[in-house]
Every structure is written in C-alpha cells, then in structure tokens.
Amino acid sequence: MDGANDANPSCKLHTRLRLWEFADRYIFEPIDGLADFYLSVSRANGSMNLVEELPPRSPSMNPKVRTVYGVIGVLKLAVGSYFLVITDRDCVGSYLGHAIFKVTGLKVLSCNNSPNTSSEQKKMESEISELLDAAERTMGLYFSYDINLTLNSQKLCDIDDEFKSRPLWRQAEPRFLWNSYLLEPLIENKLDQYLLPVIQGSFQNIHAEVGSEKVDVTLVARRCTGRIGTRMWKRGADPEGYAANFVESEQIVQSKGYTASYVQVRGSMPFLWEQIVDLTYKPSFDVVRQEEAPRVVERHFNDLQKKYGAVLAVDLVNTTGGEGRLRERYAKSIEPILNDDLRYVHFDFHRICGHIHFERLSQLYEQIEDYLKKHGYFLLNEKGEKIQEQDGTIRTNCIDCLDRTNVTQSMIGRRILENQLQRIGVFSVNDTITKYPAFDASYKVLWANHGDAISIQYSGTPALKGDFVRYGKRSAQGILNDLQYSLARYYLNNFADGTKQDAMDLLQGRYVTSVSRDMAAPTKAGYLESYASVRIAFALVSGALLFMMMSLRQGGNFSYSSVHIQTAIFQSTSLLSWSLGRALRHRRLHAKEAPQG
C-alpha cells in the first residue's frame, strides 16, 4: 500500500513555514519549495489573502521570525480571530510508509488588535484567554502531510483513484477530524495547501525480531469528536447517538511483505446518562430521559454497523450498585435490536477478575472467540492484494472506557496478532507472543502506552491497572500508582476539568459563554463546604489505603511492608494538601452543572 494514498501533487501540504510577526499582520512564508505566494493575515481582524512578497522592512522594524510546521486552523469569535499553529513536532513513526508527526508545540496567534474594542469585548477576551491557554496544552494530536490518518488501513485500501486525488482534508473521516471546525475559515478562503488534517488519540510503533523475521506493529487511536470531553463532564451518548470517549483502535502488523490490521472500538454506554460532580468520590449515576434510551442505542449501533459491519458489544460494568442499574438499562435498551450481526455480552470484570486476577479474562475470550474468527481481520499479501477483510468489530465499554476496557482490548489485540502471525508464517501453529520475551515485553508496553494516552486525554491521568498491561501482572507499586491516580482524578474532576471542557468545546465550536465566572467572596456556607471537602478527601485517602492493603492481602504473593504504606501515605497526603490548597479558588471558577445531550 506504500505510496498508494499520496495526496494530489497540486495540493501538497506545506511542511515548513517561516512565520513573520509584523505589527499589523502575520506573514506565513512557505520554505519547502511548494509555492511562490505568502499567506498574509491581518492582526486586526484575521482577514486572509495571498501576497507575492513580504512587506518592506526598515532598520527600525524588526519583526519576530520563527519556523512553524503547519496551521491547525482558525478560531473565529466575537472578540476576534485566533490562529493555531504548530511550533514543534516529533516524528513518531510511519503509517503504511508515510511519516507521522506528533504535535509537541502549539501556539495561539491573536488577531484582535482593533483599536475599537469595547469594554465588554475586553472582558470576554479575558475570559477566553484562559481557555486559549488550556487549548495550547491540548495533548495527543497527530498528523501526516502525505496520508489520510483519519482512515484505517482497510478503508484506505478500498478508496478509488478519484477519492485519492482530493486534498487530504476532503478525504478525512469527519468523526476523527479533530480540527474540522477550525479548518472552516481556511476552506472558505480556498487555502488547500494550509489545510492540515489532525487527529487526537495515540500513535505507537514497535520493531521486533521474531526468530529470523522482522515484525513491525503499529497501534493507532482515533478519538471521535462527536461527544468529546472530560471524564465527569461527558458521559453516555447525546440524542444523535454519539458516545463519550469513543475511540477507534487499529492494530497493524507488517512482516514478510504482508500487512494485516484489526480495528476495535470503545465508547461510553450509548444512552443519555450523566454523573454530575458534587465533591463525592463517586457521584451517583443518573439516566436522563429513560424513555429515549432504546432510540439512542439503536441510532448508535445503526451507525456502527454502517461503518464496521457486525458489532459485538462487550459490557464490563458491575452487576450491582449504580453500575448495575446502568447495565440493566443498557441491556434492556439493546435487547430489541439484537440479531446475528449485533450481539451483546456482559462480563462483570470486577467480580470475575477482582483487582489482580486478570488472567481470568480468558473466560471472556471463550465467549467471543467464535465471533472473532467469523468476522476476521484485514490482510494484504506480498503483492499488496487484499486477501481477507474484517467485516465486524468489537465495541468494549466499562464506566470510563479506560482501565478495564484497555486491559480487555489488549487481550483481544494479543489474540488477533497471534492469529495473524501464524497465518503469514512468522509463528508456527502453536506459537504465542509469550514465547518471544523481548517481543512480548515491547508489545505490552505498546498497549500500556496506548491506554495511558487515551486515559490522560479523558481523565487527566494514566490508566489504572496499567501495571498488568505493561508487565503482565499486578504489583504493589502498580496498586500504589492506582491510588495516586484515583486521587488525582478526584481533584481534576471537581476542580479543574471545567476549564478543560470549556476549552474543548471552544475548539469544536460548541462553547457557550457563561453568565458570570466572577469569583464571589467566601461565605459562611462556602467555608462549611470547604470544611466538608476536607473531610471527604481525608475519607477518600483512608478508603484508598484500605483498598490497597486489601488488594495486597488478596494477592498473597506480594511482599509489602511499612515502607509501602508510608510511601502511599506520603504520596496521598502530598497530593491531598496540594489539591485542597487550591480547591476553594478553583471550584467556584470551574465547577458548573454538566451539560446534557
């Protein structure tokens, strides 16, 4: 497939630009030899046009000059326009022979220098500036100048020559085009060579030697923008069926001239439910407009079947408690539409696997093995000819679609990879990945990093249970890490994710200015609330420590001592002190009722 999906040469994207910052305009000068014109952008109102030369410069004029690697897009607001540019990038590997880059530096260029700015606009600009600062810290952005990264390899193989001749932004899958809204002003100005499609997710490569063969494995995560958001602020699905934390994971293996891939997805339970932050460790789950659940579930799965074929929904949530009530609603809503091409399997991960016995996931594999074999995977031979298709996918969920989900998806990916390597002759019939320790270790790290990246974007911390994915077993340090990450999530959910959610909504064109974000003076009720927060947080620490000790006892084979406990207390109380020291100031500014739909 190498080279088969290059963009039209006449629409080649600019890979390097010299940015000139004049007092009245920004000038983007292509330095890759692909064009003779410069892009001029007014700093007063963001208007754009192509010019043939730079403005005249005098000895007193010293414009700032820097190199940028692409324009992510333009944010047009009532207070002015803002250009988002890539100031730094890292090459992280290749996708079917084309270089893939990670955004490591992002800069917002303000275009609102108009002298006629009103006091109301200045107030709004002050509010927006905080969100733009958060936008500059957006993580997990990837792009290619040459290939459509929004499409998985099977879809890339299936597109025709007419489709391949289009500019990359016109080839993009809308669900995974992270900067779709930001590109609109550039599209209106017909600036195809500046229209750089970007995805949010993860991109990881490993290279290994298995016997005498070289094996390359790539793992790509593509986050859907339909209901993008943070952990507690975006749950369930919207009325259109877009699920929160919906991510497509594609695992690609290349060896002996063959290319094989497998695609699986994750996403929140696809009906209207929410979990509003209220300073408790685990806020209650509330189903919204229960009567609409069957319709939303049906809409979600109809869309999945159009895109992936058959779907097997694997539900990992608890059978009891609040999770159990959500499971019942999910199972009841999906039951009327189940058929040969849509199956539902519930597997109570916590009851069966506990906190350490994740090898018991083999019980789940036994239930889904026939489905995996029936719907296959994508395979190209040495000549680049398609000899097998994947015509169905597995959709996995837990509550967050992070920790339990990543452990489960890594198990499925491992089994699929073993089948693929056996098929193309790298493995013998009975070989497994564990037979090759170096390959096994690299593969575990691949999936652990994949899970961490998805988790950081949604929850703000790496994935829990990551030690099992990374090392194949639970450890005392891994459980301590889970404690620390859980406390960090508690803080972020209650005191920081409001701003992060607003920044996400701003970049996706969904932000609604709040009535007031001014900080009120502390009231008596506020002090009581702060005191209650301290008690809640200390109870959280105590409960987490108790959980850790019970988990260690359950493991039996762990040797733990007062050092482990002291370490946990130190880490937990340090985080607690830091969190509560900022709690009152941040909560009033950011904590608001979670948006619905």
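Since we're looking at a predicted model, the values are computed, not measured. Reckoned from all heavy atoms, side chains included, excluding hydrogens, waters and symmetry mates.
Ring centroids of Tyr145 and Phe143 are separated by less than 6.0 Å, placing the two rings close together.
Salt bridge Lys12/Asp32: absent, no basic N to carboxylate O contact under 4.0 Å. Look at Arg231 and Asp403 and you find no salt bridge, because none of the NZ, NE, NH1 or NH2 atoms lies under 4.0 Å from a carboxylate O. A salt bridge links Lys307 and Asp303; the closest N-O separation between the charged side-chain nitrogens and carboxylate oxygens is under 4.0 Å. A salt bridge links Glu162 to Arg166: at least one charged side-chain nitrogen sits closer than 4.0 Å to a carboxylate oxygen. With salt bridges taken as basic N to acidic carboxylate O contacts below 4.0 Å, one links Asp400 and Arg235.
Between the side chains of Ser261 and Ser153, at least one donor-acceptor pair of N or O atoms lies under 3.5 Å. In the model, Arg223 has a side-chain atom that pairs as donor or acceptor with a side-chain atom of Asn245 under 3.5 Å.
Both tests hold for Arg89 against Phe101: distance to the six-membered ring centre under 6.0 Å, angle to the ring axis within 45°.
Taking the six-membered ring where tryptophan is involved, the planes of His300 and Phe246 are perpendicular, since the angle between them exceeds 60° and thus also 30°. Ring-plane geometry between Trp447 and Tyr443 is classed as perpendicular, the angle between the planes exceeding 60 degrees on a 0 to 90 degree scale with a lower cut at 30.
Environment of NZ in Lys102: sparse, with no more than 12 heavy atoms of neighbouring residues, nucleotides or ligands closer than 6.0 Å. Environment of OH in Tyr242: sparse, with no more than 12 heavy atoms of neighbouring residues, nucleotides or ligands closer than 6.0 Å.
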Item to complete: Would you please test Tyr142 and Val92 for side chain to side chain contact (heavy atoms under 4.5 Å, CB included) and show each step?
Response: CA-CA 9 Å; Tyr142 296 84; Val92 293; 4.0 Å; yes
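What you find for Gln264 and Gly413 is that their closest heavy atoms are NE2-N, 3.8 Å.
Checked by atom type and distance alone, the side chain of Arg170 never pairs as donor or acceptor with a backbone atom of Phe163 at under 3.5 Å.
Evaluation of the salt bridge (Lys or Arg N to Asp or Glu O under 4.0 Å) test over residues 445-454, restricted to residues two or more places apart or in two chains, returns Asp452-Arg470.
Of the options Gln154, Glu248, Arg395, a side-chain hydrogen bond (donor to acceptor under 3.5 Å, both in side chains) to Tyr308 is made by Glu248 and by none of the others.
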